[in-house]
There are 2 protein chains.
Amino acid sequence: MSEDLMTIREMCDAYDVTPRTLRFYEAKELLFPIREGQKRLFTKRDRARLKLILRGKRFGFSLEEIRQLLDLYHIGDQQHTQLTRTYEIAKDRLADMERRREELDEAISDLKEQLKWGEKMITSSSADLEAAE
Amino acid sequence: MSEDLMTIREMCDAYDVTPRTLRFYEAKELLFPIREGQKRLFTKRDRARLKLILRGKRFGFSLEEIRQLLDLYHIGDQQHTQLTRTYEIAKDRLADMERRREELDEAISDLKEQLKWGEKMITSSSADLEAAE
DNA sequence: CGTCCGTATTACGTAAACGTCAAGCACTTG
DNA sequence: CAAGTGCTTGACGTTTACGTAATACGGACG
């Protein structure tokens with residue numbers, strides 16, 4: 001348990017991002033590193049959030065969308081009404097993701113189909129692929 | 001079979017994009033509408049490509065990445081060596097997508113877990129969620 | 001024939017997500 | 001203590017993916 005806190009450089013090495021990116025995310029209120037004097041120290045919570053940020057980006061979410069998603073994970077001691085609302089948003093998000101999953105499955109099988117053809121074309125000769133819908 | 005060709009406006013209505021977007025994609029060599037005089041006419045092939053473009057975007061691919069992916073679907077009558085190379089790229093892409101699917105599954109189950117907590121919190125009262133890894 | 005309407009081209013504008021200096025503070029290291 | 005190393009805060013630059021006029025062209029219509 002080396003310290004639970006990481007410097008900006010350790011973060012960059014660990015997650016393959018630049019210092020600029022981490023400061024940018026802090027400015028956008030996606031991360032909240034603590035300050036020791038001048039320097040930033042990133043907590044376990046920051047690391048968890050960063051993972052989610054990078055994951056979100058890989059799925060085409062904007063940083064603003066990601067920020068809202070992150071807030072879902074911060075369901076702290078809020079008011080009941082606000083909480084219910086948050087819950088609804090989260091359910092919508094989940095539905096989003098499951099739609100994306102279906103789409104991704106489709107994309108994968110499309111590409112697989114394409115690869116089967118590619119295989120045939122490599123082992124045999126060329127053909128006319130324009131017939132495909 | 002109304003004509004198999006669509007005007008820019010018909011395309012916009014059908015796929016919910018702007019004319020600017022379609023012209024932009026053409027400029028970036030993602031689409032290749034034919035020209036009747038001045039006007040563009042989009043073929044079935046353009047529509048298939050546009051669908052893939054929009055799908056790619058939903059998964060966070062840049063237009064440049066999408067253009068390369070689209071080329072995989074255009075495995076026409078190329079040279080054998082080039083074809084083999086293309087095939088390798090396609091397989092890498094497929095592996096990419098399957099990794100993404102795993103990640104998406106993880107993201108979904110994470111969010112579902114979060115929702116279970118949210119449920120408890122709504123039906124009961126507030127609690128401390130900071131203990132979560 | 002004048003005037004819309006839809007499309008075209010050209011060009012400048014913009015939001016998001018950083019990159020890239022410039023200049024300064026805090027160690028520590030020789 | 002001078003020099004380097006690492007971090008800091010601005011501030012301006014850049015790329016991507018379009019938006020938004022301004023201007024012009026070609027057919028349809030009253």
Side-chain angles (χ1 to χ4, degrees), chain A residues 2-43 46-47 49-71 93 96 100 103, chain B residues 2-43 46-47 49-71 96 100:
Chain A
S2 51
E3 249 305 345
D4 185 52
L5 297 178
M6 288 173 63
T7 71
I8 202 168
R9 179 106 311 269
E10 288 165 344
M11 289 290 284
C12 293
D13 294 346
Y15 297 96
D16 193 34
V17 293
T18 70
R20 174 66 170 119
T21 298
L22 294 177
R23 296 191 196 107
F24 184 75
Y25 290 167
E26 183 188 1
K28 293 280 173 163
E29 299 187 83
L30 291 162
L31 299 177
F32 309 95
I34 59 179
R35 293 303 183 93
E36 180 156 32
Q38 276 282 64
K39 317 212 162 177
R40 281 166 243 265
L41 290 176
F42 295 82
T43 67
D46 289 311
R47 291 195 291 280
R49 293 176 70 94
L50 181 55
K51 279 184 213 167
L52 290 173
I53 294 169
L54 298 177
R55 186 158 75 184
K57 289 200 60 180
R58 283 192 288 278
F59 288 105
F61 290 105
S62 74
L63 289 185
E64 176 55 27
E65 288 170 325
I66 291 170
R67 202 184 55 70
Q68 292 175 25
L69 269 172
L70 281 173
D71 291 346
R93 277 314 182 184
D96 270 9
R100 276 182 190 234
E103 237 193 317
Chain B
S2 51
E3 248 305 346
D4 184 54
L5 297 178
M6 289 173 62
T7 72
I8 201 168
R9 178 106 313 269
E10 287 165 345
M11 289 291 284
C12 293
D13 294 346
Y15 296 96
D16 195 33
V17 293
T18 69
R20 173 68 170 118
T21 298
L22 294 177
R23 296 191 196 109
F24 184 76
Y25 291 167
E26 183 188 359
K28 293 280 172 166
E29 299 187 82
L30 291 162
L31 299 178
F32 309 95
I34 59 178
R35 293 304 184 91
E36 180 157 34
Q38 275 283 62
K39 316 211 163 177
R40 282 166 241 265
L41 289 176
F42 294 85
T43 68
D46 289 312
R47 292 195 290 280
R49 293 175 72 94
L50 181 55
K51 279 185 214 166
L52 290 173
I53 294 168
L54 298 177
R55 185 159 75 184
K57 289 199 58 179
R58 284 194 287 278
F59 287 106
F61 291 105
S62 73
L63 289 185
E64 177 53 27
E65 289 169 325
I66 291 170
R67 201 183 54 72
Q68 292 175 26
L69 270 171
L70 280 174
D71 290 346
D96 270 9
R100 275 185 189 231

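Here is the naming used below: chain letters follow the sequence lines, and residue numbers restart at 1 for every chain. Worth knowing before you read on, the calculation uses all heavy atoms, side chains too, and leaves out hydrogens, waters and symmetry mates.
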**Q.** Shortest non-hydrogen separation from A/Leu50 to A/Leu31 and the atoms involved
**A.** N-CD2, 4.0 Å
Q: Using whole Å, report how far CD of B/Glu26 lies from C1' of D/dA17.
A: 16 Å
Q: Send over the distance from A/Glu64 CD to C/dA16 P, rounded to a whole Å.
A: 9 Å
Q: State whether B/Arg20 places a side-chain N or O below 4.0 Å from either non-bridging phosphate oxygen (OP1 or OP2) of C/dC12.
A: no
Q. Separation of B/Phe24 atom CZ from C/dT7 atom C1', in whole Å?
A. 20 Å
(Q) Would you say B/Lys57 places a side-chain N or O within less than 4.0 Å of OP1 or OP2 belonging to D/dT16? (A) no
Q) Starting at CG of A/Leu31 and ending at P of C/dC18, how long is that distance when rounded to a whole Å? A) 11 Å
Q: Could you check which of D/dT8, D/dA17, C/dC18 has an atom nearest any side-chain atom of B/Leu63?
A: D/dA17
Q) Which residue lies toward the 5' end of DNA chain C, A/Lys28 or A/Lys39, if each is placed at its nearest nucleotide? A) A/Lys28
Q: Compare all side-chain heavy atoms of A/Leu69 with those of A/Leu52 and state whether any distance is below 4.5 angstrom.
A: no
(Q) Quick check: on DNA chain D, is the nucleotide nearest A/Glu10 upstream (toward 5') of the one nearest B/Thr18, or the reverse? Name the residue that is more 5'. (A) A/Glu10
Q. To the nearest Å, how far apart are B/Leu50 CG and D/dC18 P?
A. 11 Å
Q. Which heavy atom of B/Met11 sits nearest a heavy atom of B/Leu22, and at what distance?
A. CB-CD1, 3.5 Å
Q. Rounded to whole angstrom units, what separation is found between the CD atom of A/Glu65 and the P atom of C/dA16?
A. 11 Å
(Q) Using a distance-only criterion (donor-acceptor N/O pair, under 3.5 Å, no hydrogens), is the base of D/dG6 paired with the side chain of A/Arg9? (A) no
Q) Any chance CD of A/Glu64 has more than 12 other-residue heavy atoms, nucleotides or ligands included, within less than 6.0 Å? A) yes
Q. Of all the nucleotides listed (C/dA8, C/dG19, D/dA17), which has the minimum atom distance to the side chain of B/Ser62?
A. D/dA17
Q) Using a cut-off of less than 4.0 Å, is there contact between a side-chain N or O of A/Thr7 and OP1 or OP2 of D/dG6? A) no
(Q) Both B/Phe61 and A/Pro19 contact DNA chain D. Which one's nearest nucleotide lies toward the 5' end? (A) A/Pro19
Q: Could you state the atom-to-atom distance from CG of A/Leu30 to C1' of C/dA16 in whole Å?
A: 13 Å
Q) What does A/Arg23 touch in the nucleic acid at a heavy-atom separation under 4.0 angstrom: a base, only the sugar-phosphate, or nothing? A) base
Q | Heavy-atom closest contact (B/Lys57 atom, B/Tyr25 atom, distance) | A | CD-OH, 3.6 Å
Q: Look at the side-chain N and O atoms of B/Tyr25 and state whether any lies under 4.0 Å from the OP1 or OP2 oxygen of D/dC18.
A: yes
Q: For B/Leu22 and C/dT9, give me the distance from atom CG to atom C1', rounded to whole Å.
A: 16 Å
